[in-house]
Amino acid sequence: MTSSKLRGRSRRAGPQVSVRVVLAVLGGVTGIAWLVLPGMTTRTDAPVAITGPVAASPAVAPAKDGASTADLVLPLVAAGAAGALAGYGYLRRVRRARTRTTPGGSTPSPPRTEPGVPDDRARAALVAADDRVRAARDELGFPRELLGAEAVAPFADALREAERELAAAFRMRQRHDDGVPEDPAARRQALAGIVGRCAEAVRRLDAAADGFRRLRGLEQGVGEALAVAEARFRELTGRTAAAEAVLGELRERYAATASATVTGYVEQAKDRLVFATVRLNQARQADDAGHPEEAARHLRTAEGAVAQAAVLVGAVERTAAELREAAGLVPAALTGAEAELAPLRDTADTGTEALAHVPRADAVLSRVRQELASGRPYDPVAILRRVVRAISAPDPPRAGVLAAAGRLTARSATAAAADFVATHRGAVGATSRTRLAEAHRLLADGDTAGADALALEARALAEQDVRVRGNPYTPAPPVPDASRPTTTAGTAGAVLGGILPADDPENAHPAGFTGRPGASRTPPA
């Protein structure tokens, strides 16, 4: 609406200026005519005789040579009036040109936006939309287990649509971070596009919210849904104890770096389960007391904690499987590397500059063999990564054992970064999430080298965010003589995991499909 008004105002500006110019010219011409007219009408020949009697008029002054005083005053007054009108029009035109905001040659440029404001808005939009999508993904698993895949199919479709919009937003953000496009105006437009894509992702979830709420029917009673959550809770309790034993074995069998990505995950899983225990009990008590809305809120919060505990335990289990697979692949990878280098050495002896990487690859393989021969624990995934990177220059292998090793390392790094972001998203910012999304995209496209590098960067950036920001939740000091604690045990972990907002963790629920009404948390950039 505003732009159409500006265009209309701009179109009217031209005719208005032209009318003023015409009026000024006409006034000047009129004044000149008044000055010239007396001279043009003065006659020097003899007067014509009047045949009829004419009465003398005392008001008429006798004729003089040249123009009279009245003949001169009237043109001067007209010329002055025309000049005044032209000057007034000119002043109005200048004053309006200085104050208007329509585009034009004399229009000053609009005030510049403060640096970083649009960029901060785009980052916050990415974080908020990513949190909604992740929470909805966790939330969808519980009714699927209770009602079946067919019942939740429409909401699974809505989630996939939201994921596509969010993936497009992250892709735009990655290109923006890479300097594409270069034009400042195009970059501002790209940021606006990111915000729009994120809003559309959230809108897809909002559009499905009422139907999802009716499907679950938690406000009418949480009985069956509560039973599903409690069953999953009991299963995870057993898996957590087993994961603790698995993690101990990994520390004995492999180098410390092999299990570094899941260090502390068992303790965090236990913390989430403690939190879930309290909320499940609160949900059952509220349901028995006839407070269905309160029961639904506690249940949804417990489900979020159970889902994150599953991520943490699953990360330990997956890491153990990846290390076993990598350890079995190391000998074949070394053999494959030798096979890749053998024909190149003969070419390298001829002095081909393109194969200068062969000596460096030989040095890497030599050090790897020494580490394996030492008998000390080693990191199989890291060994594979070093071998693949040494041989992949200039072109990564597309098939064979080295390609398989590259897929394994990229998949491991991407999954590790995803698990960390998912369970620490209350403090993780947009840049780490963007690199993770790009790693997923590259992995799906078969660019294992690019995916591996970006996944490692995403994990490092996420860990840095957690170190710098810390836990966004600071528990209130306990109230003396209180009948019960002011906060639920495990609340800090739930806030760090993004399950609950830091400003009101005791009275909120995970965002998910139905959002988080009244939440005021500002997402980290």
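Values reported hereafter were calculated over all heavy atoms of this structure, with side chains retained and with hydrogens, waters and symmetry mates removed.
Of all the heavy atoms in Ala135 and Gly512, the pair that sits closest is CB-N, 3.2 Å. Here the closest non-hydrogen pair linking Leu384 and Ala333 is CD2-CB, 3.6 Å. Scanning both residues, Ser432 and Asp465, for their nearest heavy atoms gives CB-OD2, 4.3 Å. Annotation for Val495 and Pro501: closest pair CG2-O, 4.1 Å, computed over non-hydrogen atoms.
Side chains of Gln268 and Thr423: a donor-acceptor N/O pair is absent below 3.5 angstrom, by distance only. Judged by distance alone, the side chains of Asp178 and Gln174 do bring a donor and an acceptor atom under 3.5 Å apart.
A salt bridge between Asp177 and Arg173 is present, with a side-chain N of the basic residue lying under 4.0 Å from a carboxylate O of the acidic one. Under the 4.0 Å criterion applied to side-chain N and carboxylate O atoms, Arg123 and Asp119 are assigned as salt-bridge partners. Look at Asp206 and Arg203 and you find no salt bridge, because none of the NZ, NE, NH1 or NH2 atoms lies under 4.0 Å from a carboxylate O. Remark: Asp130 engages Arg134 in a salt bridge, criterion side-chain N to carboxylate O under 4.0 Å. Between Glu200 and Arg204 there is a salt bridge, with a side-chain nitrogen of the basic residue lying less than 4.0 Å from a carboxylate oxygen of the acidic one. Between Asp138 and Arg300 there is no salt bridge, since no side-chain nitrogen of the basic residue lies less than 4.0 Å from a carboxylate oxygen of the acidic one. Ion pair Arg232/Glu303 not flagged as a salt bridge, since none of the NZ, NE, NH1 or NH2 atoms sits closer than 4.0 Å to an Asp/Glu carboxylate oxygen. Checked for salt-bridge contact, Arg441 and Glu438 meet the test: a charged N lies under 4.0 Å from a carboxylate O. We find that Asp452 and Arg389 are joined by a salt bridge, their nearest charged nitrogen and carboxylate oxygen being less than 4.0 Å apart. Ion pair Arg284/Glu230 flagged as a salt bridge, since at least one NZ, NE, NH1 or NH2 atom sits closer than 4.0 Å to an Asp/Glu carboxylate oxygen. Of the charged side-chain nitrogens involved, none lies within less than 4.0 Å of a carboxylate oxygen, so that Arg214 and Glu219 do not count as a salt-bridged pair.
Cation-pi contact between Arg433 and Phe170: absent, since separation from the ring centre below 6.0 Å together with deviation from the ring axis within 45° is not met.
For the pair Arg171/Ile194, no side-chain contact is recorded, criterion being any heavy-atom separation below 4.5 Å from C-beta on. Between Leu454 and Leu442, some side-chain heavy-atom pair lies under the 4.5 Å cut-off. Contact of the Pro154 side chain with the Phe212 side chain is not registered, since no non-hydrogen atoms from C-beta on lie closer than 4.5 Å.
In this structure, Tyr265 and His424 have tilted ring planes: the angle between them lies in the 30° to 60° band.
Counted within 6.0 Å of CD on Glu224, heavy atoms from surrounding residues, nucleotides or ligands total 12 or fewer; the atom is thus considered open.
Panel note: side chain Arg279, backbone Thr301; no donor-acceptor pair is recorded below 3.5 Å.
Shown are Arg175, Arg187, His176, Gln189; of these, the side chain to side chain contact (heavy atoms under 4.5 Å, CB included) with Pro181 is made only by Arg187.
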Q: Begin from the C-alpha positions of Glu325 and Arg411 and carry the test salt bridge (charged side-chain N to carboxylate O under 4.0 Å, His left out) through to its verdict.
A: CA-CA 12 Å; Glu325 182 181 359; Arg411 189 175 68 245; 3.4 Å; yes
